[in-house]
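Written below as C-alpha cells is the structure these notes are about.
In what follows, chains are A, B, ... by sequence order, proteins preceding strands, each numbered from 1. In this text, all values refer to a predicted model and were calculated from it rather than measured experimentally.
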Amino acid sequence: MELVQESPYRFRIDREAPMRVPGVVFAVPELLPEVGADRSLDQVANVATLPGIVEASYAMPDVHWGYGFPIGGVAATDVAAGGVVSPGGVGFDISCGVRLLTAELDRAELPRVIEALMDGLDPAIPRGMGRGAVWQLADRAELDAVLRGGSRYAVERGHGVPRDLARCEDDGAVTDADPAQVGERAVQRGQGQVGSLGSGNHFLEVQAVEEVYDEPVAAAFGLRPGQVCVMIHCGSRGLGHQICTDYVRIMEGVMPRHGIEVPDRQLACAPVDSPEGRAYLGAMAAAANYARANRQLLTEAARRVFTRVAGTDLDLVYDVSHNLAKIEEHERDGGTRRLCVHRKGATRALPPDHPDLPADLRDVGQPVLIPGSMGTSSYVLTGVAGNPAFASTCHGAGRTRSRGEATRAARGQDVRRDLAARGVAVRGASRKGLAEEMPDAYKDVSAVVEAASGAGLCRLVARLTSLGVVKG
DNA sequence: ATGTCC
C-alpha cells in the first residue's frame, strides 16, 4: 500500500487491478492510519473495486478500520452504469447521526441549574444495551408509521413542533422507505427501542459555545458565544443492526448471479437497479426514519426537562446522518448523473445555495455536526462549494484504542470522577461503558476538523465544550 | 454500533 501526497491535505492510492478508480485520503500525515496497524487503507483500495464506482474511493481525515468499508469512507456509484449499493458502505447503525439544539440560556447561568438538569435527564433518557424507550408503540402498524414517517410522524403525533422538521435532513423523513422489506427479527428488535440512546459512543450532552470562528454563519445557525446547547448522537439501534446483518447475507448469496466479485466478502453488494438492491434501499430508508424518529423523541424528552428545570425550550439547529447511502444527482463529466452516494462515518455537507437547504440556511450552507470524544469538544462546521467528495466531510474523532484496550487503560482510574474534576457532570449507565469511551481512546477531534477544513471539505463555524454527559 | 455467537 503506497500513499502519494498530492497536496497538503490530500493523498492518493494509485489505481491497480482490480481497482476501478484510485483511492483518495484527505488527511495530514499525523492523522494517517499506521500502515500495518490498521487495515483501513486496504479497505479504501478494496472499495475502489466496486462496480460502477465513480471518480475515487474517498476517505475522510477520521478514517479507521470498519466492516468491509472503512469508517470515514465515501463511495459513489453510477446507477445507470450498473452501480451497486452495499450494506457495509452504510454500516450497522443505519442513519446514525447527530442533532444540535440551542437553549435560551447562557453558560454563566448554568452552574445554578446543571445538577438539577442532569438529575432530570438521568431518568428521562433511556440508554444502555437493550432496555427502555421513551415511546411505547401501540402495535406493528404504528412501527410501520415510524418507518415511513420518521421525525415527521413523531411531530404529527405531538412529539415536537413543525419547525423541527425544517431543520432536519430530508425534512425529517427519507422517502421510499419500504417497511415490507424489513425482516421480522428487525421489527421485533425495533418495536421497543424508539426513543432510546443506546450505548457505545452514543450520548446526549449539555454543551456551551466555547469559540466562534465564523460569526455570520454561527448567527444564521442560531449560535452565539456562551450559549448553552444540547447535542444528541444516536442511531437506529437493534433494528438497523439487524437489517444490515440480514442484507449482507442476502447480497452474499446473489452476487454470483449478478456477476459481481469483490475482494472481501464484507463488501457484499448488489446493483442499485436489482430486486436485492431496491429491497435493501427500502429497508435502509425505513431504518433511517427509525433513527430520525429516535432523535426526535429524545429531543422531546430533553425539552421537558429543560422546560421544567430551567424554564427554557430547545430550538433545533440541525439533524444530520453520518451513516447512509443516498441516491443523489451530481454534476460529473459535463452531465448530471444519478449516483448512489455511500457515506459511512462521513457527514453530508451541502454548500450554500443547494436546493435541499431550508430558505433560512440557503446563504450559509448546511450545518455539519461533529461530535468529539466524551466530555471534550464538539464542532459545528458548514458545507462549502467545490467539495471534492460528493458534498461529504468527516464525522468525529475516530478511535485510537479498541474498547478492550480502553477498558484496560482505564483500570484503576475513575473516568467519571476525572471528568467531574474537569467540570463535566456525568450520568452514565455503566462504569464499563464510560471506560470504553474514555477520551484517551480517541484522536483529537480538533486535528480532524482542521484537516477536513484544510482539504476543502467544509469550513469551521464554532467549537462547543462539554459540560454534562448522559451516556449509555 | 449490536439482546458484543442462533
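Protein atom CZ of A:Phe92 is 13 Å distant from nucleotide atom C1' of B:dC5, rounded to whole Å. Atom CG of A:Asp93 and atom P of B:dT4 are 15 Å apart (whole Å). In this entry the distance linking CD of A:Glu184 with C1' of B:dC6 reads 16 Å, nearest Å. For A:Tyr247 and B:dT2, the OH to P distance is 21 Å, given to the nearest whole Å. One can place OH of A:Tyr290 at 11 Å from P of B:dT2, the figure rounded to the nearest angstrom. Remark: C1' of B:dT4 and CE of A:Met129 are 6 Å apart, rounded to the nearest angstrom. If you take CZ of A:Arg185 and P of B:dT2, they are 17 Å apart, rounded to a whole angstrom. When rounded to the nearest whole Å, the span between CD of A:Gln188 and C1' of B:dT2 equals 16 Å.
Residue contacts for A:Gly238: at a heavy-atom cut-off of 4.0 Å it reaches the sugar-phosphate backbone alone, with no base atom in range. Residue contacts shown for A:Glu437 are limited to sugar-phosphate atoms, with no base heavy atom under 4.0 Å away. As judged by a 4.0 angstrom heavy-atom cut-off over every strand, A:Gln193 is placed among residues touching the sugar-phosphate backbone only.
Side-chain nitrogen and oxygen atoms of A:Arg403 include none within less than 4.0 Å of the OP1 or OP2 phosphate oxygen of B:dT4. Within the 4.0 Å cut-off from OP1 or OP2 of B:dT2, at least one side-chain nitrogen or oxygen of A:Ser199 is found.
Every residue two or more places apart in sequence or in another chain was checked for a salt bridge (Lys or Arg N to Asp or Glu O under 4.0 Å) with A:Arg152, and none qualifies. Residues satisfying the salt bridge (Lys or Arg N to Asp or Glu O under 4.0 Å) criterion with A:Arg157, sequence neighbours excluded, are A:Glu142.
Within 6.0 Å of atom CG in A:Asp119, more than 12 heavy atoms from other residues, nucleotides or ligands are found, so the atom counts as buried in its surroundings.
In this structure, A:His322 has its ring center closer than 6.0 angstrom to the ring center of A:His233.
Map A:Lys432 and A:Gly200 each onto its nearest nucleotide of DNA chain B; the residue landing nearer the 5' end is A:Gly200.
In this structure, the side chain of A:Ser378 engages the main chain of A:Gly372 through a donor-acceptor pair within 3.5 Å.
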